[in-house]
> 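The structure's right below; bear with me while I get my questions together.
Residue numbering restarts at 1 for every chain, and letters A, B, ... go by the order of the sequence lines. Everything numeric here is computed off the predicted structure, so don't read it as measured data.
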Amino acid sequence: MARVIVDVMLKPEILDPQGQAIARALPRLGFSGVSDVRQGKRFEVEIDGPADEAALSDVRKMAETLLANTVIEDFTIHVES
Amino acid sequence: MSAARVGVVTFPGTLDDQDAARAVRLAGAEAVPLWHAERDLKGVDAVFLPGGFSYGDYLRCGAISRFAPLMEEIVPAARAGLPVLGTCNGFQILCEAHLLPGALTRNQGLHYICRDQRIRVESADTAWTAEFERGQEIVLPIKHGEGRYVADAETLETLESEGRVVFRYMGGNPNGSLNDIAGITSEAGNVVGLMPHPEHAVEDLTGAPSVDGRGFFTSILKKLVNA
């Protein structure tokens, strides 16, 4: 058993109005010094076997095919220790 | 000669399939219900992907629908020339399926927008817009939360230079779409996607802002009958 984390973020050039709304809300709550917020998605993929190269390659395919839309989003993969 | 047959797809969460089927029938074609879980296109001459919230918009709008068994039939058929129209969620599905370039993201103002919208027909060279005039202004309802069309600069340049921007918003961009884009078409002109709803603008009786939506259905009908 292993847990592989896939983080999906809108590409930097894609407008993130949700992140902007959060950034605008923060000063009202008393949090200062925040220059920007971007909102993304985190997927926790539980795999049966070890997180070896083949398993990570599969997760990468999942991310490219379904978890992220690579037209507008980037993703990163790491194994949770 | 038998009537042209236009398939109307229903996914779990589709809302506009009944209006779509009705619009198809009003134009004089036969509306053929197509269920997302089947692999059978039932020999239809064209396909309409209506709006709604297929699969609850889970993950991203259209992201799950794209892999429905029926879509695995529609995608190669569309690439081979089958006319396909996607409105609203249907447009989102066509982009997720890579039948159309780019993507639809959260409206710039974050609000769900429901209003009558003026749009300009930029191309009459598609299977679904031949009965319009280029430059014609029409009014159709829009209702969406994720209709901001985005694509990289190169794709936008290609769409513009090849005349593949089919519709542009007029009188104010409702969602922040790049280049005011409301709808686009594939390279071959058989696949068209747009955020506005022609199927809601075919009858005075329903309080529609216009009957401009009829043009989509008369366009496809004429093409199929003359084919």
> If the condition is side-chain hydrogen bond (donor to acceptor under 3.5 Å, both in side chains), which residues does E46(A) pass it with, not counting sequence neighbours?
R3(A)
> Applying side-chain contact (heavy atoms from CB on, under 4.5 Å), can you list everything that pairs with V37(A), at least two apart in sequence or on another chain?
I22(A), A23(A), L26(A), V34(A)
> Is there any N or O donor on one of chain A and chain B with an acceptor on the other under 3.5 Å, and could you list each such pair with its distance?
| from | atom 1 | to | atom 2 | distance (Å) |
| --- | --- | --- | --- | --- |
| Q18(A) | OE1 | R106(B) | NH2 | 3.4 |
| K41(A) | NZ | L59(B) | O | 2.9 |
| T65(A) | O | R66(B) | NH1 | 3.4 |
| L66(A) | O | R60(B) | NH1 | 3.0 |
| L66(A) | O | R60(B) | NH2 | 3.0 |
| L67(A) | O | R60(B) | NH1 | 2.9 |
| N69(A) | ND2 | E96(B) | OE2 | 3.3 |

> So what's closer than 4.5 Å to chain B heavy atoms on I14(A): side chain, backbone, both or neither?
side chain
> Which region of I72(A), side chain (C-beta onward) or backbone (N, CA, C, O), has a non-hydrogen atom less than 4.5 Å from a non-hydrogen atom of chain B, or is it both or neither?
side chain
> Ignoring hydrogens, what is the shortest heavy-atom contact between A21(A) and L110(B)? Give both atom names and the distance.
CB-CD1, 3.6 Å
> Just jot down the ring pair (Phe, Tyr, Trp, His ring centres under 6.0 Å) partners of F216(B), sequence neighbours excluded, or say none.
F132(B), F167(B)
